[in-house]
Amino acid sequence: MMERVRAVLVTPDRTMLVIRRARPGIPEYWVLPGGGVEPTDESREAALHREVHEEIAGKADLVRLLHTMESDDERQLFYLARTATWSFEDRTGPEFSAEGRGEYALEEIPLTLEGLDAIDLKPEEIVHVLRGAIRAGSLGADASR
């Protein structure tokens, strides 16, 4: 079973870092930073640290596992994390140089219901989880420690 890890990266300004995907012939959509767990990764958390380094040239301070999604052939683990440093220009992931992969634009959105509603974040299931956590106030308390 393929495993993927993703991070809900909360900044000190109470925004969330997301990646806007623009691909030919497909409407724009947004995803959370992350990717596949590789055989060389020591753990899922190590994979997430590697992916965050590649995709945002930053560091993630993992707070907790927020949500798990599973299908027949894939498991996605979503972690709540804090980040204070990142770079829009210094990303190193292989996807940024691969032909035909489209655009990966790093963006900050407000960590609010309105911020979530303003983008088409995928997968839809994590949007529902984030909406519930925002309403409960659990993202800010966890991420500001």
Side-chain angles (χ1 to χ4, degrees), residues 1-23 27-98 101-145:
M1 173 179 289
M2 175 66 171
E3 284 195 323
R4 297 187 182 281
V5 288
R6 300 223 173 261
V8 176
L9 289 169
V10 179
T11 72
D13 294 331
R14 301 248 326 117
T15 62
M16 178 173 67
L17 297 179
V18 293
I19 297 173
R20 180 177 42 84
R21 293 297 318 274
R23 298 165 63 187
E28 279 186 336
Y29 63 97
W30 286 255
V31 295
L32 297 170
V37 176
E38 297 178 1
T40 54
D41 292 320
E42 292 180 15
S43 65
R44 294 170 180 150
E45 292 78 13
L48 188 58
H49 284 292
R50 176 185 49 76
E51 287 287 346
V52 166
H53 177 72
E54 289 175 0
E55 292 189 4
I56 73 162
K59 295 185 188 284
D61 179 13
L62 301 184
V63 176
R64 66 181 167 91
L65 181 63
L66 183 64
H67 185 67
T68 302
M69 278 178 44
E70 230 173 281
S71 66
D72 289 341
D73 58 349
E74 183 177 82
R75 178 182 298 129
Q76 289 195 69
L77 298 107
F78 295 86
Y79 289 85
L80 177 61
R82 294 181 301 250
T83 189
T85 60
W86 63 91
S87 171
F88 292 94
E89 292 81 31
D90 298 326
R91 301 175 295 165
T92 61
E95 58 270 27
F96 303 118
S97 59
R101 294 291 305 248
E103 183 182 352
Y104 287 74
L106 188 60
E107 297 181 352
E108 286 182 75
I109 65 161
L111 193 55
T112 61
L113 294 174
E114 295 79 15
L116 278 178
D117 289 343
I119 65 172
D120 184 16
L121 184 64
K122 303 288 186 192
E124 185 65 31
E125 186 173 326
I126 196 62
V127 175
H128 294 298
V129 170
L130 289 172
R131 281 190 177 120
I134 288 169
R135 283 188 191 106
S138 62
L139 294 179
D142 288 345
S144 63
R145 282 188 204 147

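All heavy atoms count here, side chains included; hydrogens, waters and symmetry mates do not.
Taking 4.5 Å as the limit, some side-chain heavy atom of F78 sits within range of a side-chain heavy atom of L32. Proximity of P123 to R6: side-chain heavy atoms (C-beta onward) are nowhere separated by under 4.5 Å. Contact annotation: the side chain of W30 never approaches that of I19 to less than 4.5 Å [non-hydrogen atoms, C-beta and beyond]. Taking 4.5 Å as the limit, some side-chain heavy atom of R131 sits within range of a side-chain heavy atom of D117. Between Y104 and R21, some side-chain heavy-atom pair lies under the 4.5 Å cut-off. In this structure, E108 and W86 have side chains that are in contact, with non-hydrogen atoms separated by less than 4.5 Å. Residues V8 and M16 are in side-chain contact: their nearest non-hydrogen atoms beyond the backbone lie under 4.5 Å apart. Counting heavy atoms from C-beta outward, L130 and H67 have side chains that stay 4.5 Å or more apart.
Note: L111 CG to L17 CG = 10.5 Å, rounded to the nearest 0.5 Å. Atom-to-atom distance recorded for E70:CD and L77:CG is 8.5 Å, nearest 0.5 angstrom. The line from CG of L9 to CD1 of I56 is 5.0 Å long, rounded to the nearest 0.5 Å. Here E114 contributes atom CD and I109 contributes atom CD1; the two are 11.0 Å apart, rounded to the nearest 0.5 Å. From D120, atom CG reaches atom CD of E28 across 9.5 Å, with rounding to the nearest 0.5 Å. Rounded to the nearest 0.5 angstrom, E3 CD and Q76 CD are separated by 10.5 Å.
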Exercise for review: Could you walk me through whether Y29 and V31 pass the side-chain contact (heavy atoms from CB on, under 4.5 Å) test, one step at a time?
Suggested key: CA-CA 7 Å; Y29 63 97; V31 295; 3.7 Å; yes
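Exactly one residue among E74, R44, E51 makes a side-chain contact (heavy atoms from CB on, under 4.5 Å) with R4. That residue is E74. Looking at L62, V37, V52 one by one, the single match for side-chain contact (heavy atoms from CB on, under 4.5 Å) with V5 turns out to be V37. Just one of M2, M69, M1 meets the side-chain contact (heavy atoms from CB on, under 4.5 Å) condition when paired with R75; it is M1.
Contact record, D41 with A47: OD2-CB, 3.2 Å, taken as the closest heavy-atom pair. Closest approach of L80 to V10, counting heavy atoms only: CD1-CG2, 3.8 Å.
Shown here is E42, whose CD atom has no more than 12 heavy atoms of other residues, nucleotides or ligands within 6.0 Å.
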